[in-house]
Structures are given as C-alpha cells and as structure tokens.
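Residue numbering restarts at 1 for every chain, and letters A, B, ... go by the order of the sequence lines. All values below were derived from every heavy atom in this structure, side-chain atoms included, with hydrogens, water molecules and symmetry-related copies excluded.
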Amino acid sequence: MRTLIKHVLVSTEPKESLTVNGWVRTRRDSKGFSFLELNDGSCLANLQIVVDAATPGYDRITEFTTGASAAITGRLVASPAQGQKWELHATQLELIGIADATYPLQKKGHTPEFMRSIGHLRPRSNLYGAIFRLRSKLAFAVHEFFQSRDFVYVHTPIITASDCEGAGEMFRVTTLKGKPDDQPESDFFGKKTFLTVSGQLEGETFACALSNIYTFGPTFRAENSNTARHAAEFWMIEPEMAFCDLRGDMDLAEEFIKSLAKYALEHCAEDMAFFAKFVDKGLNERLKFVIERPFIRVPYTEAVEILLKSGKKFEYPVSYGQNLQSEHERFLTEEHFKSPTTVFNYPREIKPFYMRVNDDGKTVTAMDVLVPGIGEVIGGAQREERPDVLMQQMAFHKLNPADYSWYADLRKYGTVPHAGFGLGFERLLMFVSGVSNIRDVIPFARTPGNAEF
RNA sequence: UCCAGAGUAGCUCAAUGGUAGAGCACGCGGCUGUUAACCGUGUGGUUGUAGGUUCGAGUCCUACCUCUGGAGCCA
C-alpha cells in the first residue's frame, strides 16, 4: 500500500513500515550507505531515504540515478540531522524504471527556456511541480468561489459560428479540403465555424435565464502574438450576472481576484513560499497588499488626465479617444497608484458594440482591471440591454444585425440589465505565483509556430 | 508582424581575427550522517544553418532559422 510523500512528511509519529513510490531527485553515497531524495509530485519537498548497504536491493544502488523511478519500503524515523523532520530507513528497495545519463533534468537550476524544450519532463522539477499544483488548486478555487455564491457553471460551445466582435482573430474549424471559404454551405456544419474566442454571448443567454452564471474553459485566439502574456490556447473564466450594473461587476471582479490570491496563500503555502524565495522576492508583500486594500477605480477620462499631468515621457503620446498603451497602463498600476487599478467608462469608439452606452453618449460601461507586473488581467462591461440602443451600436460599429438576431432577442423578450467579465486564468496564475511568462504556467503552451507535445 | 539582443560540450557560460576552455552533469577512485554533499581524476565540440571576406573566422559581412526582451492585438 503506497503512501504519498506529502502525507509521510506530516506524520506525527514514527511508523514501523510504509512504502513510497516516486522519482529519485538525487543520491549521495557514503561508505556503507546512501542517501536518496525521493519526490512523487504530491508536494514540493522530497523524502530523504537512508539506505544501508545491507538493504535488499542495494547491489543496484548506483542505478538509482536522478530521474529513476522506485518503490521503497522502510521505517519512518525522526531525522537526527538538520534539514528534515522525518526520514525513511529503507528495508526494501525496488528499482522500477532506470534513467540513464541522458536524462536532461539535473540537480541544478535550469533556465525556463530549456525547460520549455523538455515540456514532457519539466513537471518533475520543483518549480513546474509547484506551478501545476497551484494551477489545480486555483481551478478548484474558481469553482468554489462561484458555486458558494450560487453561480451556475455553463459549458458554452468550443466550436462556434459567432464572432465575439473585438476579441481577436479566430481559428477556422472545417472538414473541407482545399479552400473552405469557397463552399462553406457544404462544410460539416453548413456554415463557417471557428474555435471560440469567448463564451460571453452564449453566457449572456444563460444569465438571462439562470441569473448568475460562469464559464471556465479553453479559449482560442489566432493572433500572431509573441509576448510573455499571450497564448493561442488559454483558459478563461467568464461570469455573467443578470440584474447587475457596472459597479456590481467591478465589485465581483475585485472580490474574485482577492479571493483567489487568499486561497493560494492558505492552501498552497509550501509552493507559494517557494515562489517567494526563488521566483519573486516581493510576492508575499504584493499579495498581502492586494488582499487587504481596495482596488483603485478610475474613469478612463480621469486616467487620461493623470497620464497627461504626470510629466512622464511616454513613447506613445496620451490622448483622449485612444486606447491606453501598455506603458500607460503600467504607469497607472505600477507607479502612480502602486495598486491593482480598475479603469472604466471608455470611449464608445474603441470598445465592442455590446457594451452599454452611458448617458453622456460618448462612453460605454467597459472596465479593465490592471495589476502590477502583468497589465490587463480582466476585461468586462455592463451589457447594452436596451434593444434600440443595441441596434444603434451595431450600426455604429458597422455590424450586420442579422448575424446577431438571437443575441438581440435577449433584449426583445424580458430584457434585463446585466454585466460580466473575462479573466485570463493563466494571467491570474502569473500574478499569484510571480512567474513572468505565460508559457510556464500552462502545461503545454500553444503559441505561434509552436504546438509541440 | 515591428524594434533590440542572443545562439559555443547534455546544462550554464568564457575565449584581441592566430592551438576551442571552465563549472555543473556523466564515468572511475576516495570519504561513517549527507542536504544542488565533498576531494581527486577522466570522458565530452560539424561554435544554429548556408554562403562570403581573409594566409587564417567562434570572432568580420550577407541571408535564413530559432530563442529572449520590448511593442501591437488582448485575457
């Protein structure tokens, strides 16, 4: 009967006999005995195993190299040396799978670039093990957050015919050979279809029935983006609330980010301490600040004024009516406010048609949540619920209303004010862990020119 | 896609236009409690690819490929 190392390490008393399975991280030989460090991925720490030369199986001790897999039975005793509370004195050694000298992971730090080239082996390292345990825990926390607030989890389609306008380039889905655009009517679905860039429009239909919903699933963007915070395939969380305005939307976004940061510190303490030590020295301070302090909320117009008055030289000039550049967003969140910052009420021209037009007629109820180090982590809005204004917005953005008839129906029949947002799960993981490249927080990153593994 | 930088041993990096090196990994030997163990010793190279300049190119030039950082697009 196997015991996971995470459970072994928190033992409260010695054990006569237990068995652990895992992969050897390192071996240190002395005369007459050896130390093995075994890791099974259940936690960051290794279990130190002391193997006396008389132990059955010791004749093959030199084959217990870094990367080899093993099953080891022994007595759990308090360790007499510094560095660990418990150690296992082996009584039985079994080598399951050898790892020869070509095993690429060494007992030393590797660059993230090298680790990406061995994506199938990198989860066996300290850093990537920690990242993917955190990812799992936070995915669970997302569900817990929404479920405990009576949000209904909706599986919006992956394959879709609707283009969530403004969200980006789409991957085409087709079974046709040659040029599928020439004959979309004979394609599998009888029309042009794509991988979803957002579940929002479909999510709105469910919010306008079940009140509060959320989606959490893969999302695809065919943009030729080569940055540390973009991937062609990523996971997005999109809550949508009926009978809710922009203020309620901003409240939820803020509460959500705080809740996940708090969850990570409470439920992933060992891995978070590792990030704070080796990835981002200021991590704990930053997360504490985020959890305890209210986010700054600033209207777009005011943000522009702050930027103009800052006296700071920007590469791209600031002017009303233009989208905020990365350098502008960074200045606001990293230098001016030094806090997560929600910018809201953007000019109508630069935001999608579905956002609600404000009384000034010039701005829409958009909001972006910016966080230090990452930039935009959430984009959301109160949706336009007035049928006539929605039609005007489609005309304003030169869209064909026939393509959005079902969407317009939500306003035709029992329309309600509603609002929601999209949060990039990987960007949140980057923020919470301090890991600076999106390729390192997703198991197998899909980026332009790269779909290995 | 644009701008900048970088590709040398399995990994991380050195090398004025003049004999390609170190640390780690790995092999062998030593060490009675180690902690990325330590000490000694050995193996290890088509210098990203293709051209060019030169008596001579890792080093200079051209093109391409890949990666990194920044920008745009956005989550």
Side-chain angles (χ1 to χ4, degrees), chain A residues 25-37 45-53 62 65-67 77 79-84 87 89 99-118 125-126 164 166-169 196-200 215-216 218-238 253 278 314-316 323-330 350-352 366 368-371 374-380 421-431 436-439 441-442 447-450 452:
Chain A
R25 281 296 176 80
T26 181
R27 190 186 81 242
R28 295 179 290 271
D29 294 324
S30 205
K31 185 152 195 166
F33 63 100
S34 294
F35 294 100
L36 284 176
E37 297 275 345
N46 303 324
L47 176 64
Q48 172 163 289
I49 295 160
V50 186
V51 191
D52 189 86
T62 57
T65 55
T66 303
V77 302
S79 177
Q82 295 275 313
Q84 60 282 315
E87 63 186 28
H89 288 199
D100 69 17
T102 62
Y103 184 66
L105 280 172
Q106 300 176 9
K107 299 180 282 188
K108 65 166 205 165
H110 284 295
T111 59
E113 294 80 32
F114 174 68
M115 288 303 221
R116 282 171 217 150
S117 73
I118 51 164
S125 69
N126 286 336
C164 192
E169 291 296 311
T196 183
V197 291
S198 167
Q200 182 201 314
T215 73
F216 184 10
T219 310
F220 307 87
R221 304 274 166 92
E223 299 288 346
N224 188 13
S225 296
N226 277 292
T227 80
R229 58 187 188 285
H230 287 88
E233 176 183 289
F234 62 100
W235 285 62
M236 189 154 64
I237 297 143
E238 296 183 286
F278 293 107
F314 293 108
E315 194 184 335
Y316 295 89
N323 244 320
L324 298 180
Q325 304 288 318
S326 278
E327 56 174 343
H328 305 149
E329 296 182 342
R330 278 170 104 150
I350 59 174
K351 289 290 180 183
D368 285 351
V369 179
L370 315 174
V371 295
I374 314 287
E376 183 179 344
V377 71
I378 281 181
F421 61 79
L423 175 141
F425 187 51
E426 285 76 17
R427 288 190 183 173
L428 182 92
L429 285 170
M430 292 165 71
F431 180 64
S436 59
N437 196 307
I438 196 167
R439 298 174 186 94
V441 297
I442 190 163
T447 51
N450 198 340
E452 274 301 302

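Scanning for salt bridge (Lys or Arg N to Asp or Glu O under 4.0 Å) contacts around A:R25 gives an empty result, with sequence neighbours left out. A:F425 pairs by the ring pair (Phe, Tyr, Trp, His ring centres under 6.0 Å) definition with A:F216, not counting sequence neighbours. Residues meeting the side chain to side chain donor-acceptor pair (under 3.5 Å) test with A:S30, sequence neighbours left out: none. Annotation: side chain to side chain donor-acceptor pair (under 3.5 Å) contacts of A:E329 (sequence neighbours excluded): none. Residues satisfying the salt bridge (Lys or Arg N to Asp or Glu O under 4.0 Å) test with A:R116, not counting sequence neighbours, are A:D440. Qualifying salt bridge (Lys or Arg N to Asp or Glu O under 4.0 Å) partners for A:E238, counting only residues two or more places apart in sequence or in other chains: none. Partners of A:T62 according to the side chain to side chain donor-acceptor pair (under 3.5 Å) rule, which considers only residues two or more places apart in sequence or in another chain, do not exist here. Remark: A:E113 pairs with no residue by the side chain to side chain donor-acceptor pair (under 3.5 Å) rule, at least two apart or across chains. Here A:D29 pairs with A:R27 under the salt bridge (Lys or Arg N to Asp or Glu O under 4.0 Å) rule; sequence neighbours left out.
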Once pairs are restricted to Watson-Crick or G-U wobble with both distances under 3.5 Å, how does RNA chain B read as a dot-bracket string, [ ] for crossings and | for other-strand pairs?
(((((((..((((....[..)))).(((((.......))))).....(((((..]....))))))))))))....
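Between B:rC26, B:rG72, B:rG33, one nucleotide has an atom nearer to the side chain of A:A81 than all others, and that is B:rG33. Of the candidate nucleotides B:rA75, B:rA71, B:rG33, B:rG33 has the atom lying nearest to any side-chain atom of A:P80. Of all nucleotides listed (B:rU34, B:rU32, B:rG69), B:rG69 comes nearest to the side chain of A:R439. Here the nucleotide nearest the side chain of A:E87, chosen from B:rU32, B:rU34, B:rC74, is B:rU34. For A:R28, the listed nucleotide lying nearest its side chain is B:rU34; candidates were B:rU34, B:rC31, B:rA71.
For the C1' atoms, the distance linking B:rU47 with B:rU1 amounts to 31 Å, nearest Å. For the P atoms, the distance from B:rC67 to B:rU43 is 36 Å, rounded to whole Å. Taking atom P on both nucleotides, B:rA14 is separated from B:rU8 by 10 Å, rounded to a whole Å. Nucleotides B:rG51 and B:rC74, compared at atom C1', are 41 Å apart to the nearest Å. With both ends at atom P, the span from B:rU46 to B:rU59 equals 16 Å, rounded to whole Å. Of the C1' atoms belonging to B:rA9 and B:rC3, the separation is 33 Å, rounded to the nearest Å. Remark: the separation of the P atoms in B:rG29 and B:rA6 is 44 Å, to the nearest Å.
We find that the ring of A:F425 and the base of B:rA75 do not stack by the test of centres under 5.5 angstrom and planes tilted less than 30°.
Ring geometry for A:F33 against A:F35 counts as perpendicular: the plane angle is over 60°, on a 0 to 90° scale with 30° as the lower cut.
Two residues are said to be in side-chain contact when any heavy atoms from C-beta on lie closer than 4.5 Å; A:Q48 and A:R28 meet this criterion.
Remark: C1' of B:rG72 and CD of A:E376 are 14 Å apart, rounded to the nearest angstrom.
Under 4.0 Å is where a charged nitrogen must lie from a carboxylate oxygen, and between A:E376 and A:R427 no such pair does.
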With 3.5 Å as the limit, what N/O pairs link the protein to nucleotides 27-29 of chain B?
none

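Counting non-hydrogen atoms under 4.0 angstrom, A:R330 reaches the backbone sugars and phosphates but no base. A:Q84 comes within 4.0 angstrom of a nucleotide base, judged by non-hydrogen atoms across all strands. At the heavy-atom level, A:G32 lies nowhere under 4.0 Å from the strands shown.
Remark: the A:R229 side chain and the B:rA75 base include no donor-acceptor N/O pair separated by less than 3.5 Å.
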Annotated protein contacts, base or backbone, on nucleotides 1-13 of chain B with a non-hydrogen cut-off under 4.0 Å, one of B, S, - each
B--------BBS-
